[in-house]
Amino acid sequence: MNTAWGSTPACTCCRTWPGRQASPPPCDDYLIPSSILNATVSGLVSRSVLSDAIGPADFHGCVLYEAFAPQDRSRAFVDLLVKLALAQAPSLGQVEAIDTRAAAARSHAYIAGAMARHAIGDVNLVKPGIGEATRVLLRRVPRLLLLRQAQGAATAHLRLLAEEKAVPVEIDPALPYEAVSLIRSASDA
């Protein structure tokens with residue numbers, strides 16, 4: 001395992017809004033393979049880690065797991081997704097480009113509004129998107145599940161997990177994502 005930090009190929013440090021990628025997802029949810037499969041399948045790069053080697057201007061650090069390179073299936077996984085997407089492409093017709101700045105603004109506005117409505121002081125407790133909501137319900141202590149539709153097929157597993165864990169569910173047709181999970185903070189009763 002390479003534990004080098006900084007500007008080496010083994011580590012990527014980036015400045016992003018805490019808990020979010022550099023460009024937030026558009027109104028439609030996004031697929032994060034590791035959140036769906038609950039494992040590192042999207043490469044040999046670890047999830048975020050914290051180390052003394054990460055400077056004050058850095059936000060994330062990661063580790064490259066070179067020892068697992070022979071077992072890495074990332075390229076095959078991506079190749080299969082591309083093949084399936086290309087097979088679907090003719091049936092989609094013309095696809096319009098997304099205005100990423102407008103999408104980022106909607107995302108930031110929604111998250112700020114959700115924090116205010118639910119008295120949340122830490123942006124990291126708001127997890128937008130189906131993948132992130134799934135991770136919260138599987139691995140964290142969820143406070144609330146917000147869904148755009150009461151019976152959406154893509155969120156059936158979230159409704160089941162929320163029921164099993166007795167997590168309240170609210171429906172918000174104006175939600176800019178299919179789902180959002182709020183994580184219970186240590187100060188929640």
Side-chain angles (χ1 to χ4, degrees), residues 12 14-43 45-50 59-62 77 81 85 92 95-189:
T12 302
C14 60
R15 291 182 201 110
T16 63
W17 191 35
R20 308 294 170 269
Q21 66 231 37
S23 176
C27 291
D28 294 325
D29 284 16
Y30 55 101
L31 174 67
I32 302 173
S34 59
S35 70
I36 300 300
L37 299 176
N38 203 18
T40 303
V41 298
S42 52
V45 179
S46 73
R47 293 180 55 190
S48 297
V49 294
L50 182 61
F59 182 71
H60 284 289
C62 59
F77 182 73
L81 290 179
L92 297 177
V95 178
E96 293 183 30
I98 295 173
D99 180 345
T100 56
R101 286 194 173 148
R106 280 191 303 272
S107 181
H108 287 268
Y110 171 77
I111 291 170
M115 291 176 67
R117 276 189 306 282
H118 298 283
I120 296 172
D122 182 352
V123 70
N124 294 303
L125 299 178
V126 180
K127 299 297 183 180
I130 293 171
E132 288 297 305
T134 302
R135 286 186 60 235
V136 168
L137 288 165
L138 288 173
R139 301 174 66 187
R140 305 294 293 269
V141 181
R143 171 181 173 185
L144 178 65
L145 174 64
L146 299 150
L147 299 174
R148 185 187 303 162
Q149 300 175 51
Q151 297 299 318
T155 58
H157 70 289
L158 294 173
R159 293 189 307 275
L160 178 64
L161 289 168
E163 182 180 338
E164 287 176 356
K165 293 189 169 202
V167 175
V169 177
E170 288 183 10
I171 307 304
D172 180 359
L175 197 65
Y177 305 95
E178 288 291 328
V180 173
S181 280
L182 305 181
I183 299 172
R184 186 174 303 281
S185 73
S187 64
D188 287 338

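Between the CG atom of L137 and the CZ atom of R159 there is a distance of 12.0 Å, given to the nearest 0.5 Å. Summarising the geometry, atom NE2 belonging to H118 is positioned 5.0 Å from atom CG belonging to L146; distances are rounded to the nearest 0.5 Å. L175 CG to Q149 CD: the interatomic distance, rounded to the nearest 0.5 Å, is 10.5 Å. The CZ atom of R143 sits 8.5 Å away from atom CG of L125, with the distance rounded to the nearest 0.5 Å. The distance from the CZ atom of R106 to the OH atom of Y177 is 9.5 Å, given to the nearest 0.5 Å. Here CG of L182 is found 10.5 Å from CE of M115. Values are rounded to the nearest 0.5 Å.
Looking at every heavy atom in both residues, V136 comes nearest to P142 through CG1-CB, 3.8 Å. Of all heavy-atom pairs between A179 and T155, the closest is CB-CG2, 4.3 Å.
Residues passing the side chain to side chain donor-acceptor pair (under 3.5 Å) test with H157 are T134, sequence neighbours excluded. With sequence neighbours left out, V169 forms a side chain to side chain contact (heavy atoms under 4.5 Å, CB included) with L145, L147, A162, I171. Take D122 and apply the side chain to side chain donor-acceptor pair (under 3.5 Å) test, not counting sequence neighbours, and it matches N124. For R101, the side chain to side chain contact (heavy atoms under 4.5 Å, CB included) test picks out D99, with sequence neighbours left out. Scanning for side chain to side chain donor-acceptor pair (under 3.5 Å) contacts around S181 gives an empty result, with sequence neighbours left out.
Screening residues 163-174 for side-chain hydrogen bond (donor to acceptor under 3.5 Å, both in side chains), with sequence neighbours left out, gives no hits.
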